[in-house]
Protein chains: 2
Amino acid sequence: MATIQDVAREAGVSTATVSRVFSAPDLVLEPTRQKVMEAVHRLGYEPNFAAKSLRTLRTEKILVTVPDISNPFFSAVIRGVEEAALAAGYSVLLGDTRHEEAREEQYALMFRRKEADGLIFLGHRLPDILAEMVAAKGPRTPIVNGCEFRPGLAVSSAHIDNERAAAEVMDHLYGLGHVRVGVVTGPLASPISSDRLAGVLSAAQRHGRASALRIAIGDFSIESGVRQTGELLDEPGRPTAIFCFSDEMAMGAMEAIRQRGLDCPRDISLVGFDDIRFAQYLHPQLTTVRQPKEQIGHEVVRLLLDILAGRSTALQNITLPHQLVVRNSTAAPQA
Amino acid sequence: MATIQDVAREAGVSTATVSRVFSAPDLVLEPTRQKVMEAVHRLGYEPNFAAKSLRTLRTEKILVTVPDISNPFFSAVIRGVEEAALAAGYSVLLGDTRHEEAREEQYALMFRRKEADGLIFLGHRLPDILAEMVAAKGPRTPIVNGCEFRPGLAVSSAHIDNERAAAEVMDHLYGLGHVRVGVVTGPLASPISSDRLAGVLSAAQRHGRASALRIAIGDFSIESGVRQTGELLDEPGRPTAIFCFSDEMAMGAMEAIRQRGLDCPRDISLVGFDDIRFAQYLHPQLTTVRQPKEQIGHEVVRLLLDILAGRSTALQNITLPHQLVVRNSTAAPQA
DNA sequence: CGCTCCAATGTAATCGAATTCATCGATAAC
DNA sequence: GTTATCGATGAATTCGATTACATTGGAGCG
């Protein structure tokens with residue numbers, strides 16, 4: 001591969017001029033620029049990334065860690081991230097942490113080695129190494145959280161109001177006349193689950209139905225949806241409605257409902273969360289909470305770019321609008 | 001951030017020794033190593049990636065381009081890639097090309113700038129820049145193709161026997177007694193579609209049913225599944241079975257079938273392709289062709305690592321086993 | 001005509017780690 | 001006791017691009 005020296009020699013100019021042709025073309029005379037570009041094409045020159053990065057201390061990369069790429073919710077957020085990043089001239093380094101702390105730490109090290117200019121994490125944990133960086137540099141550390149919001153982390157973030165969204169789901173179900181409602185949460189360690197659960201509880205109390213509430217703890221997977229919903233359905237005083245904290249668990253819930261010879265929504269109403277793109281093609285079409293997935297991706301990148309450009313000084317925790325999408329999986333309970 | 005010089009000074013040794021502590025620990029005496037490591041921890045030193053990369057000409061990264069990450073089939077393959085890459089000390093740079101040539105070229109340039117040691121592309125197109133590299137360096141170019149196989153590209157690859165898999169699907173349908181079969185393909189520009197179509201045609205001819213075959217061209221999306229299946233169902237001489245070249249299109253097909261008041265599998269049998277993890281949770285559970293998604297990811301990384309390590313000299317086009325998974329969406333046609 | 005100023009370009013230092021070659025001291029061999 | 005050998009470490013070069021600073025030549029002005 002040709003280097004900048006080769007191009008300079010070929011074009012009969014200095015390396016500085018060649019460099020300027022790329023980074024500040026208006027500083028160089030048109031005929032010179034042409035000469036250089038010809039040499040560039042003749043040699044098939046492409047600037048060496050490592051050299052450039054070493055000199056400028058910039059990588060033009062954003063590291064994004066995600067608990068599970070195969071989850072359609074996250075892949076939609078990532079699409080948004082990629083889109084916004086690319087538009088700003090950054091590319092995306094993707095890390096699937098598989099919910100494992102060891103992997104999260106591995107990617108944290110990559111970031112510390114300066115393999116990326118900024119870090120976006122879509123989970124709820126911040127590895128110690130990064131927490132130290134945040135403690136040291138404050139809100140100007142180029143680390144941003146997406147989808148979740150944990151005030152203690154002291155990083156900017158973009159997310160929906162999970163508590164309110166969950167309360168709205170419960171309002172919808174109680175409004176239809178349901179009394180006994182079963183809820184399948186995600187792991188309660190994540191704010192995404194605990195916030196939603198808080199919304200569920202407050203709505204239940206407001207409606208005077210707290211004692212008829214049944215809670216099961218899932219892990220956002222289809223399989224846990226099958227299992228936990230199954231348990232809720234098999235208890236005495238079967239609920240007439242199930243609220244799962246993810247669409248995937250709701251898919252599992254549908255299976256559990258069918259396995260018991262029940263019908264959704266006739267016997268059991270079902271609500272999911274996220275509005276992944278498959279939700280409207282399930283049968284019955286799933287009532288769920290739409291998260292602005294791409295928009296979360298865009299916002300999170302915007303927050304990060306503001307930090308990188310030195311434009312932002314204070315933390316920003318952005319709440320984006322969600323929407324309860326009522327489809328065919330919810331109905332009034334049978335008389 | 002501390003540099004290797006800082007560590008050397010702190011530990012009272014030369015930079016060479018510090019460097020050796022990391023890259024060749026057995027060349028340095030234990031007490032020295034300890035001294036260095038203490039300094040490393042005291043300063044929180046982490047080698048600068050760009051500097052290392054500039055010197056060694058290696059990035060320890062693999063660039064993976066994929067037509068669409070939000071497609072569960074691809075995200076499963078990517079998981080396999082990530083797993084194998086990480087195990088070998090590489091990290092994954094992910095590029096979502098969204099089926100757009102412009103983006104494919106953008107990532108091709110990244111590769112040429114040496115931002116990654118190797119490239120895995122999961123689509124069917126190889127940008128010109130890369131084709132030139134392959135032409136120049138031959139089979140030792142660290143570029144590998146996954147999922148698809150186009151002999152003309154002259155790169156190693158891992159994939160299933162799409163033609164045979166499609167033929168097996170048709171055998172299954174004809175075996176159940178179906179005569180009029182509708183097929184929804186993907187874009188025929190990709191071998192993945194054209195190979196499967198070849199399998200469909202040969203099976204149809206073998207069974208003497210070629211004239212009862214109806215072909216519609218989709219684009220692998222749910223929406224195109226709804227649309228194309230709809231058209232097939234509305235034609236005179238409605239097929240009794242539909243074979244979609246992806247599970248997502250089959251989800252769309254289910255919707256089209258329901259929209260017309262028909263029942264799957266009673267009125268229409270349905271077969272998908274890929275066996276994404278949602279396939280078994282659809283209702284009815286989807287009969288489909290299982291691709292060894294993670295394994296494709298593993299193999300493709302293995303092929304690439306062989307090239308990078310100089311172990312392989314010739315092209316390798318690896319065919320992995322697929323499996324027809326018969327579930328509830330296929331049945332004998334009504335009498 | 002001589003001086004200043006500026007635009008265009010060149011020279012050379014620099015980024016941080018890896019690595020070649022040199023050095024030093026200790027041990028082994030004769 | 002001298003010298004070859006080897007193991008551990010250091011000094012200095014290198015990777016390829018960016019950029020501060022230096023240089024050159026021509027335009028503009030008095």
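In what follows, chains are A, B, ... by sequence order, proteins preceding strands, each numbered from 1.
In this structure, A:Val28 reaches the sugar-phosphate backbone alone: every heavy-atom distance under 4.0 Å involves primed, P, OP1 or OP2 atoms, never a base. Within the 4.0 angstrom heavy-atom criterion, only backbone atoms of the sugar-phosphate kind lie near B:Val13; the bases stay farther away. When heavy atoms are screened at a 4.0 angstrom cut-off, A:Ser19 is found touching base atoms of the nucleic acid.
Figure legend: cation-pi geometry between B:Lys61 and B:Phe49, with NZ or CZ positioned under 6.0 Å from the six-membered ring centre and within 45° of its axis.
Between C:dT20, D:dT19, C:dG16, one nucleotide has an atom nearer to the side chain of B:Arg20 than all others, and that is C:dT20.
Counting to the nearest Å, the P atom of D:dT9 and the CD atom of B:Gln34 are 13 Å from each other. For the pair B:Ile4 CD1 and C:dA18 P, the computed distance is 6 Å after rounding to whole Å. For B:Arg33 and D:dT9, the CZ to P distance is 12 Å, given to the nearest whole Å. Going from atom CG of A:Leu54 over to atom P of C:dA13 covers 17 Å, rounded to whole Å. For the pair B:Arg9 CZ and D:dT9 P, the computed distance is 20 Å after rounding to whole Å. A straight line from CD of A:Gln5 to P of C:dT11 spans 12 Å, rounded to a whole angstrom. For B:Leu27 and C:dC21, the CG to P distance is 16 Å, given to the nearest whole Å. The separation between A:Leu29 atom CG and C:dC6 atom P is 18 Å, rounded to whole Å.
In this model, the phosphate group of C:dG10 is approached by a side-chain N or O of A:Thr17 to a distance below 4.0 Å at OP1 or OP2. At C:dA8, none of the side-chain N or O atoms of A:Thr32 fall inside 4.0 Å of OP1 or OP2 (strictly under the cut-off). Side-chain nitrogen and oxygen atoms of A:Ser14 include at least one within less than 4.0 Å of the OP1 or OP2 phosphate oxygen of C:dG10. Phosphate contact (OP1/OP2 of C:dT11, side-chain N/O of A:Thr15, threshold under 4.0 Å): absent.
Of the residues in residues 44-51 of chain A, those lying under 4.0 Å from DNA chain D by heavy-atom distance are A:Tyr45, A:Glu46, A:Pro47, A:Asn48, A:Ala51.
Donor-acceptor pairing under 3.5 Å is recorded for the side chains of B:Tyr90 and B:Arg58. In summary, the side chains of B:Gln34 and B:Glu30 do present a donor paired with an acceptor at a separation below 3.5 Å, with no hydrogens or angles considered. In this structure, a donor-acceptor pair under 3.5 Å is absent between the side chains of B:Glu148 and B:His159.
Rounding to the nearest 0.5 angstrom, the gap separating the CG atom in A:Leu315 from the OG atom in A:Ser156 is 4.5 Å. If you take CG on A:Leu122 and CZ on A:Phe74, they are separated by 6.0 Å, rounding to the nearest 0.5 Å.
Each of A:Glu104, A:Met110, A:Glu105 was checked for a side-chain contact (heavy atoms from CB on, under 4.5 Å) with A:Tyr107, and the lone residue meeting it is A:Met110.
With hydrogens and angles ignored, no donor-acceptor pair closer than 3.5 Å exists between the side chain of B:Arg55 and the base of C:dA17.
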